[in-house]
2 protein chains.
Amino acid sequence: MALPNGPVAASSEAEAVLFDLVDVYDRAYEAAAAELSLTSAQACLLGRLDERRGMGALAEELGCDASNITQIVARLEALGLVTREPHPRDRRARLVARTSRGDEINRRFAAAFTFARTAVGRLSPDEQDQLTALLRKALG
Amino acid sequence: MALPNGPVAASSEAEAVLFDLVDVYDRAYEAAAAELSLTSAQACLLGRLDERRGMGALAEELGCDASNITQIVARLEALGLVTREPHPRDRRARLVARTSRGDEINRRFAAAFTFARTAVGRLSPDEQDQLTALLRKALG
DNA sequence: CCATAATACTTGATTCACTCAAGCAAGCAA
DNA sequence: TTGCTTGCTTGAGTGAATCAAGTATTATGG
């Protein structure tokens, strides 16, 4: 989704700024991924592999079909960023793990995605706490 | 992008809650669109047509290639939600406008996308102002 | 006034994300 | 061992998105 996810006419200022935030965040994420020739989905998946895990677990965590994970992992594997090791106890299952090159790319992605860091960094520690509290309350 | 756009390891709580917010927002937007058998991109584009406008203007506003707009508009047109009228003065240009059915669907989409409204509604007026101010500052 | 450039959009080709339905192999349970 | 479930893959299909070309049409400079 490169197109912004927001109504043009928000019914309050808070809603409008929320929309702006989401839009800028998403674009920044995609741009950071693109710097490393990754798609958002690839960068996202790579970021979930601090520990190796099964395809099913990834699908559940990311809220999509397992066959989607199969494909994204296949592309990451083709790029040499990920391996699919056999599960030691269950021969049906595969464990996805980052390669050392995958670690490196993931590290560089985290460095490239400065938006959240920068945005939060514009606030004082007190303000950061306020923001956290407000967003938590808003999220319900 | 249905996959969440966020690093697993945020370096602060504020970052983590920001990520949560973006994730939930995006999913809610997509779900609301799906209720009306629309994609996010279609719902988004439909929402920008309170006044009719040219393809180029839409592409610029949404930050994507004009040919992408051509396709999305074509699908919306096939659904009877949008028309492509000839521009009165410039015969190269087309003006995209919602049909009455498009208006209706857009209205229903706005009603279905409750997330931002609900989230903001959990805050008192004062808190809403605080949130707005904090996010504006964070956005720079 | 005409040749040329710029504009506005469309078409075609390609990649990727995503979903669903089917399938296969391996584990599990009666 | 029969049959169900689990874990993943394959195949088919849709849609978003980009890029390169192409077609009109408008604008411009000599």
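Naming convention: chains lettered A, B, ... in sequence-line order (proteins, then strands); numbering from 1 in each chain.
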Counting side-chain heavy atoms from CB outward, which of C:dT19, D:dA16, C:dC16 is closest to A:Gln42? C:dC16

A:Arg92 side chain N/O closer than 4.0 Å to the phosphate oxygens (OP1, OP2) of C:dC28? no

Strictly below 4.0 Å: does B:Arg84 bring a side-chain N or O up to OP1 or OP2 of C:dC9? no

Heavy atoms only, 4.0 Å cut-off, all strands: where does B:Thr39 land among base, sugar-phosphate and nothing? sugar-phosphate

Taking the basic N atoms (NZ, or NE/NH1/NH2) and the acidic carboxylate oxygens, is any pair closer than 4.0 Å for B:Arg107 and B:Glu104? yes

With nearest nucleotides of DNA chain C determined for A:Asn68 and B:Ala66 from heavy-atom distances, which residue corresponds to the more 5′ nucleotide? B:Ala66

B:Met55 CE to C:dT10 C1', in whole Å, measures 9 Å

Backbone N or O of B:Leu79 within a donor-acceptor pair of the B:Arg101 side chain at under 3.5 Å? yes

Grab the two heavy atoms, one from A:Ala33 and one from A:Ala43, that are nearest each other, plus how far apart they are. CB-CB, 3.9 Å

Base, sugar-phosphate alone, or nothing: which one does A:Asp90 contact when heavy atoms must sit under 4.0 Å apart? sugar-phosphate

Just the rounded figure in Å: distance from P of C:dC18 to CG of B:Asp26. 12 Å

Per B:Gln71 side chain, nearest of listed nucleotides D:dC8, D:dA16, C:dA17: D:dA16

Looking at the base of C:dC18, is there any donor atom on it, or on the side chain of A:Ser67, that sits under 3.5 Å from an acceptor on the other one? no

Using purine N1 to pyrimidine N3 plus N6-O4 or O6-N4 for Watson-Crick, or N1-O2 and O6-N3 for G-U wobble, each under 3.5 Å, what pairs with D:dA24? C:dT7

Comparing B:Arg53 and A:Ile69 on DNA chain C - which has the more 5′ nearest nucleotide: B:Arg53

B:Arg94 has its side chain closest, among C:dC9, D:dC8, C:dA17, to C:dC9

Would you say the side chain of B:Arg108 lies within less than 4.5 Å of the side chain of B:Ile105, judging by non-hydrogen atoms? yes

Using a distance-only criterion (donor-acceptor N/O pair, under 3.5 Å, no hydrogens), is the base of D:dT25 paired with the side chain of B:Arg91? no

Centroid-centroid distance, A:Phe113 to A:Tyr29, less than 6.0 Å: yes

